[in-house]
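Structure first, commentary second.
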Amino acid sequence: MRLTVRPDRLVAGGEAMARDDDGRVVFIRGALPGELVEVEVSLAKKDFAKGTVAEVVEPSDDRIDPQCYHRRMGCGGCGWMHIDPYAQLEAKTEIVRESLRRIGRIDPDVVDGIVDMGAAGEPFRYRTTIRVVGGPDGGLGFREEGSDTVVPVNSCEVAVQQLSDLLPLLTLKPGVEVTLRASVDTGGITARWAKPKGKAGTGLVSGIPEDVHIGDRGFLTEVVDGVTLRVSAGSFFQSGVGAAEMLVDAVRRAAPEAATAQHAVDAYGGVGLFGATVLADASKVTVLEQSKSSCFDAEHNLAGRDAAVIRGEVGNWAASDEQPVDLVIADPARPGLGKPGVAALVTASPAPIVLINCDPVSLARDVTLLAEHGYHPERVEVLDIFPQTHHVETVTRFVVR
């Protein structure tokens, strides 16, 4: 079944939204606002439909041909490579505004006053961490957009060069996923993978050079904001050093209290990125983190400071009356703070909360939850640290009023 529609906006998740002749909402992968497209419908319900662009009848001025051969062959890693890089941040900013209006139920005039378009990273060669999967022929690739099919690759346009150069050397058993990370500081590389169910644990990956550090115990160092950080293979880190620098700058703008804080909390703190940079002058830092590997790195990266690294769910933490909190920085995973995270962090009331979100829908939900405790967004800065994808990062300052 095919439809001819003209989308009017991009929505969270990266699809374009249109309406058919019956007024039904149609979500379209690969379309841009304003252009006329033919859509191959893959899912049709009474109230909505989903599909993929089959033909662009009237293209948008922002449409370009993806420069990556693998993307043209269906690789799902860079779903926005058909959009001019200079238009991607603007589109992401509007998606954030729309999410705050529709899901967060914030007055449109208020949204326009608090949401600012920030910076965008380099469109290519920025990723220092990638994850590849073994294909059916012993090669490797990335999954096709919207499916488990593996698209073979021998290079990657968005990965740093040393990772891209490594890809044609590797052989993977079908279904094995390998996470590769490179250091901009030293050029070192780590590789880690898990044994899939039903497979033997040996011979899963071959072709790895001898100087690559294998397994969770492997680690790299990176320099962010002039600070050297230890990052283990099993720890979370941003998409690249450029992304980390952009986030540090944005959080610093959102948290002027950081320079004089007596006690700051770095929630979902990972390897201590913000504790070691933005909060470098804070008298005391408490890092809350669930990952064992990340806690180990955070303790190393904050050594010599008055810092406590607490391993566990943020939702189980509560501020102490004996150690008042001046500032909270929180960088949760894609689902956001949720009710448990919000309930824990507001015990530090009335400390400002600087919240980093990697999904505009979870940001809007967190806005609603924090509002129930008197916290309201004062400024939302939108960053593009994942160029060529629909992923968007926001840094929001919440205050009690």
Side-chain angles (χ1 to χ4, degrees), residues 10-14 80 88-106 110-121 236-240 243-255 265-270 273-274 278 288-291 294 313-315 327-346 348 351-373 375-387 389-399:
L10 289 164
V11 297
W80 270 24
Q88 292 180 25
L89 177 59
E90 186 174 353
K92 294 178 182 185
T93 303
E94 186 51 41
I95 287 173
V96 171
R97 291 190 180 110
E98 187 71 2
S99 295
L100 291 174
R101 294 184 201 112
R102 291 180 176 269
I103 302 172
R105 299 188 180 279
I106 300 178
V110 174
V111 169
D112 290 343
I114 64 174
V115 176
D116 292 332
M117 186 167 65
F236 170 78
F237 195 64
Q238 299 298 332
S239 62
E245 295 273 6
M246 288 167 56
L247 278 171
V248 167
D249 288 345
V251 171
R252 190 171 277 132
R253 283 190 290 274
V265 172
D266 185 2
Y268 312 90
L273 172 64
F274 300 122
V278 177
L288 310 176
E289 172 57 46
Q290 186 178 15
S291 162
S294 294
E313 291 279 358
V314 170
L327 173 67
V328 175
I329 298 173
D331 186 10
R334 189 166 302 281
L337 294 176
K339 289 184 178 180
V342 168
L345 296 184
V346 298
I353 296 175
V354 174
L355 177 62
I356 299 96
N357 287 86
C358 56
D359 180 75
V361 174
S362 68
L363 167 63
R365 289 196 297 258
D366 285 343
V367 164
T368 301
L369 292 171
L370 284 164
E372 295 174 359
H373 297 273
Y375 280 86
H376 299 278
E378 193 172 71
R379 180 175 182 265
V380 183
E381 183 172 354
V382 183
L383 303 173
D384 189 1
I385 64 174
F386 295 98
T389 79
H390 69 269
H391 299 295
V392 55
E393 202 89 356
T394 53
V395 176
T396 306
R397 175 180 171 84
F398 289 86
V399 295

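Note that these values count all heavy atoms, side chains included, but never hydrogens, waters or copies made by symmetry.
Between Ile385 and Ala243, the closest heavy-atom pair is CB-CB, 3.6 Å. Here the closest non-hydrogen pair linking Pro332 and Leu355 is CD-CD1, 3.7 Å. Closest approach of Asp266 to Gly269, counting heavy atoms only: OD1-CA, 3.5 Å. Nearest heavy-atom pair across Ser294 and Glu289 is CB-CG, 3.7 Å. Pairing each heavy atom of Phe386 with each of Glu393, the nearest pair is CE1-OE1, 3.8 Å. Heavy-atom minimum distance, Ala371 versus His376: CB-CE1, 4.0 Å.
Between Asp112 and Arg101, some side-chain heavy-atom pair lies under the 4.5 Å cut-off. Residues Leu10 and Trp80 form a side-chain contact, since some pair of their non-hydrogen atoms from C-beta on lies under 4.5 Å apart. A 4.5 Å side-chain heavy-atom check between Leu89 and Met117 finds at least one atom pair inside the cut-off. Residues Asp331 and Gln238 form a side-chain contact, since some pair of their non-hydrogen atoms from C-beta on lies under 4.5 Å apart. Side-chain atoms of Ile356 and Phe274, non-hydrogen and from C-beta on, do get closer than 4.5 Å to each other. Residues Val11 and Glu98 form no side-chain contact, since every pair of their non-hydrogen atoms from C-beta on lies 4.5 Å or further apart. Inter-residue side-chain proximity for Lys339 and Glu372 is flagged as unmet; no heavy-atom pair is nearer than 4.5 Å.
If you take CG on Leu100 and CZ on Arg97, they are separated by 10.0 Å, rounding to the nearest 0.5 Å. Here the OG1 atom belonging to Thr396 is positioned 9.0 Å from the CG atom belonging to Asp366, to the nearest 0.5 angstrom. Separating the CD atom in Glu381 from the CE atom in Met246 is a distance of 8.5 Å, to the nearest 0.5 Å. Between atom CG of residue Leu370 and atom OH of residue Tyr375 there is a gap of 8.0 Å, rounded to the nearest 0.5 Å. Distance check, rounded to the nearest 0.5 Å: SG of Cys358 to CG of Leu383 gives 12.0 Å.
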Discussion item. Evaluate Leu363 against Val380 for side chain to side chain contact (heavy atoms under 4.5 Å, CB included), listing each step before the verdict.
Written reply: CA-CA 10 Å; Leu363 167 63; Val380 183; 4.2 Å; yes

Worksheet item: When you look at Asp116 and Arg379, which way does the side chain to side chain contact (heavy atoms under 4.5 Å, CB included) test go after all the steps?
Response: CA-CA 7 Å; Asp116 292 332; Arg379 180 175 182 265; 2.9 Å; yes

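Checking each of Leu288, Leu337, Ile329 against Tyr268 for a side-chain contact (heavy atoms from CB on, under 4.5 Å) leaves exactly one that passes, namely Leu337.
A donor-acceptor pair is defined here as one N or O able to donate and one able to accept, closer than 3.5 Å; such a pair exists between the side chain of Lys92 and the backbone of His391. Arg397 places no side-chain N or O within 3.5 Å of a backbone atom of Ala255 that could act as its donor or acceptor partner.
Other residues, nucleotides and ligands place more than 12 heavy atoms under 6.0 Å from the CD atom of Glu245.
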